[in-house]
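Take a look at the structure set out below.
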Amino acid sequence: MEQITILHTNDIHSHFENWPKIRRYLQQTKAEAESQGQTVLTFDDGDAMDRFHPLSEATNGQANIQLLNTVAYDAVTIGNNEGIGNSHADLEALYSQANFPVVLGNLFEPDGTRPAFAQPVVYKTTPAGTRIAIIGFTAPFFLTYGPNGWLVKAVGDVLPDLLNQIAGSYDVLIMLSHLGLSTDRYLAAKYPKIDVIIGGHTHHLLEHGELVGHTLLTAAEKYGHYVGRIQLVLNDNHQITQQTAVAVKTSTLPAEPEDDQEIANYLREGHALLAKEPVAFLPESFSIDYDGPSPLLDLGLKAIAEAGQTSASLLNAGLFLDNLPAGLITRDTLHRLLPHPMHLMRVTLRGQDLWRLMMEVEKNRMFLRHFHMVGMSFRGKIFGDIGAFGMTTNHKRQVIWNGQALRPDTLYTFTTVDHFLFIPFFPTIEIMGDNDLLFPNFLRDSLADYLAQHFPLPANKEERP
């Protein structure tokens, strides 16, 4: 009889406030299990990093990798935050200092070759001779991976061939799935060769796992609120005879006196690094108002229109988490203001469809002003008022484009954020829009470029405060 312990994390999203407890639990549990003669494997299922945290932003995720290195994961896969929350170049460099392999079977360079930082399968062999194969997949966001310079494929297009290639090379097959619960259930039913699916992406919690056939599904929710632990018992023929799972609530784990200081240091270091990078110097402040037009919303609208090279733009006030102060503006100022991992998007619509979109805006305006928005890259609290630049709607339900009435069959292009494509309030954008996502800059980067151009830093450094 052989016992294998599997520890796993998923969707931490740079919530470093839970990391000290997570690290201790993983290290101590591994040491205890190994002292009892068990094999221990540790995995992360993606979205470990999120640029909402200043230290992740300032180091392009390298700080996250250094923290993961302290645990010595046996394999990780990537989530969409690593895959499209980084530029192509940043993702290629992200794992250069990692002491663990990245397993990823459905992401490719545009020419079809596999990225240098990842491999389709990782093998582990236990002291008892059990051969374990680990495969991994990320959520195939076709609309966003493509503009970021990657070719992402649906799991169904790559998994059958991969299973054929590795057939006979393993006794236990583990999948790291950053695909979501419904996909995990589907894959477990369709591919019973998979013994364990460690899940994530949809932030679901399977407190004691879930069996689909003989395949064990597990997941540990989000933000490091839980850590997963799986126990496998195998017979002398290396076949699983028992399998159990539990998600351990991080808040129940013991704290140490130095934890608070460690957590505070992550924030302090991130803010300090970003504050060292000046962007612009503003002669006046710009305030934000979530209930109606405001100077900062107008500034943001002009900035994204310029970045998208369009004469019109659309944006919601809730993206701006605070006022923009007068004086020196740094990358830290803008990260605090706009922590969202959102990219700009050019939308082209025929006049009649743009009219419909603007009617959707007006229909939802009052509801969205105080709507508590969660997910889909939004890192604020409420959606806020919707502002437009270069296009207005009058009391006769007419839409005016840069002073002219819309022509039904004329094409019009404006700039907004990719967030508007994914939320359900403006379906015309997804249904009728010709949408061009702009990579690699985030919304805050485009604002930084605008401010640097229109409010440049004093040439003499001594004149800067």
Side-chain angles (χ1 to χ4, degrees), residues 1-11 38-46 74-75 77 79 103-106 120-126 128-140 153-221 226-248:
M1 183 182 73
E2 178 184 11
Q3 294 188 41
I4 298 174
T5 292
I6 299 171
L7 306 173
H8 60 93
T9 52
N10 65 272
D11 295 279
Q38 297 184 33
T39 295
V40 180
L41 299 172
T42 308
F43 303 117
D44 183 78
D45 194 51
D74 290 281
T77 196
V103 58
L104 182 59
N106 64 327
V121 58
V122 168
Y123 290 101
K124 297 287 181 179
T125 302
T126 70
T130 298
R131 302 167 302 165
I132 300 173
I134 304 104
I135 56 178
F137 301 95
T138 193
K153 295 185 179 181
V155 176
D157 292 335
V158 295
L159 182 56
D161 287 342
L162 181 57
L163 291 177
N164 288 334
Q165 292 169 19
I166 66 175
S169 66
Y170 62 86
D171 303 300
V172 175
L173 179 58
I174 298 172
M175 176 187 289
L176 306 184
S177 165
H178 197 84
L179 300 169
L181 180 56
S182 61
T183 301
D184 291 351
R185 287 169 171 161
Y186 169 80
L187 294 174
K190 187 173 179 64
Y191 302 101
K193 294 179 181 179
I194 305 170
D195 294 293
V196 177
I197 296 180
I198 297 173
H201 180 52
T202 46
H203 298 177
H204 54 286
L205 174 65
L206 298 178
E207 209 161 354
H208 298 286
E210 176 179 307
L211 277 175
V212 177
H214 85 282
T215 303
L216 177 64
L217 275 58
T218 70
E221 209 226 35
Y226 292 84
V227 184
R229 180 172 181 169
I230 302 166
Q231 299 292 147
L232 303 180
V233 178
L234 290 78
N235 61 23
D236 293 338
N237 293 323
H238 311 293
Q239 296 174 327
I240 297 173
T241 58
Q242 296 179 39
Q243 50 189 350
T244 58
V246 63
V248 179

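The figures that follow rest on heavy atoms only: side chains count, while hydrogens, waters and symmetry mates do not.
Residue Y226 forms a side chain to side chain contact (heavy atoms under 4.5 Å, CB included) with just one option from T9, V248, N10, L205, and that option is L205. Tested against I197 for a side chain to side chain contact (heavy atoms under 4.5 Å, CB included), the candidates L181, L173, T215 yield a single pass: T215.
Looking at heavy atoms from C-beta onward, E221 lies out of side-chain contact with D11 at the 4.5 angstrom threshold. Side-chain contact between Q243 and L211 is present, with heavy atoms from C-beta onward closer than 4.5 Å. T130 is listed as a side-chain neighbour of V172, based on a closest heavy-atom distance under 4.5 Å. Using a 4.5 Å cut-off on side-chain heavy atoms (C-beta onward), V103 and L176 make contact. For the pair I240/V233, no side-chain contact is recorded, criterion being any heavy-atom separation below 4.5 Å from C-beta on.
Interatomic distance, L162 CG to D157 CG, rounded to the nearest 0.5 Å: 13.0 Å. Note that OG1 of T77 is 11.5 Å distant from CZ of F43, once rounded to the nearest 0.5 Å. Taking CD1 of I135 as the reference point, atom CG of L104 lies at 11.5 Å (rounded to 0.5 Å). We find the CD-OG1 distance between Q231 and T244 to be 5.5 Å, quoted to the nearest 0.5 Å. Atoms OG1 and CD1, from T39 and I4 in turn, are 5.5 Å apart once rounded to the nearest 0.5 Å. The distance from the CD1 atom of I194 to the NE2 atom of H214 is 9.0 Å, given to the nearest 0.5 Å.
Shown here for A220 and G228, the closest heavy-atom pair between the two residues is CB-N, 4.1 Å. Counting all heavy atoms, side chain and backbone alike, I132 lies closest to L41 at CD1-CD1, 3.6 Å. Smallest separation of non-hydrogen atoms from T218 and A245: CG2-CB, 3.7 Å. Between T138 and N106, the closest heavy-atom pair is O-ND2, 2.9 Å. Minimum interatomic distance between G199 and D45 (heavy atoms only, all atoms of both residues): C-OD2, 3.0 Å.
Checked by atom type and distance alone, the side chain of D74 pairs as donor or acceptor with a backbone atom of T42 at under 3.5 Å. Under the 3.5 Å distance criterion, the side-chain polar atoms of N235 are left unmatched by any main-chain donor or acceptor of M1. Between the side chain of D171 and the main chain of Q239, no donor-acceptor pair closer than 3.5 Å is present.
Sorted by first and then second residue, the salt bridge (charged side-chain N to carboxylate O under 4.0 Å, His left out) pairs with a member in residues 187-216 read R185-E210; sequence neighbours excluded. Listed by first and then second residue, the ring pair (Phe, Tyr, Trp, His ring centres under 6.0 Å) pairs involving residues 161-181 are H178-H201 (not counting sequence neighbours). Residues in residues 227-247 take part in no salt bridge (charged side-chain N to carboxylate O under 4.0 Å, His left out) pair, two or more places apart or across chains.
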- Verdict with supporting geometry, L159 and F137, side chain to side chain contact (heavy atoms under 4.5 Å, CB included): CA-CA 9 Å; L159 182 56; F137 301 95; 3.8 Å; yes

- Item | side chain to side chain contact (heavy atoms under 4.5 Å, CB included) evaluation trace for M175 with I198 | CA-CA 6 Å; M175 176 187 289; I198 297 173; over 6 Å; no

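With sequence neighbours excluded, the residues forming a side-chain hydrogen bond (donor to acceptor under 3.5 Å, both in side chains) with H204 are T202, listed by chain and number. Shown here are the side-chain hydrogen bond (donor to acceptor under 3.5 Å, both in side chains) partners of T126, two or more places apart in sequence or in another chain: E2. Scanning for side-chain hydrogen bond (donor to acceptor under 3.5 Å, both in side chains) contacts around D184 gives S177, with sequence neighbours left out.
Counting non-hydrogen atoms of other residues, nucleotides and ligands closer than 6.0 Å to OH of Y191 gives a total above 12.
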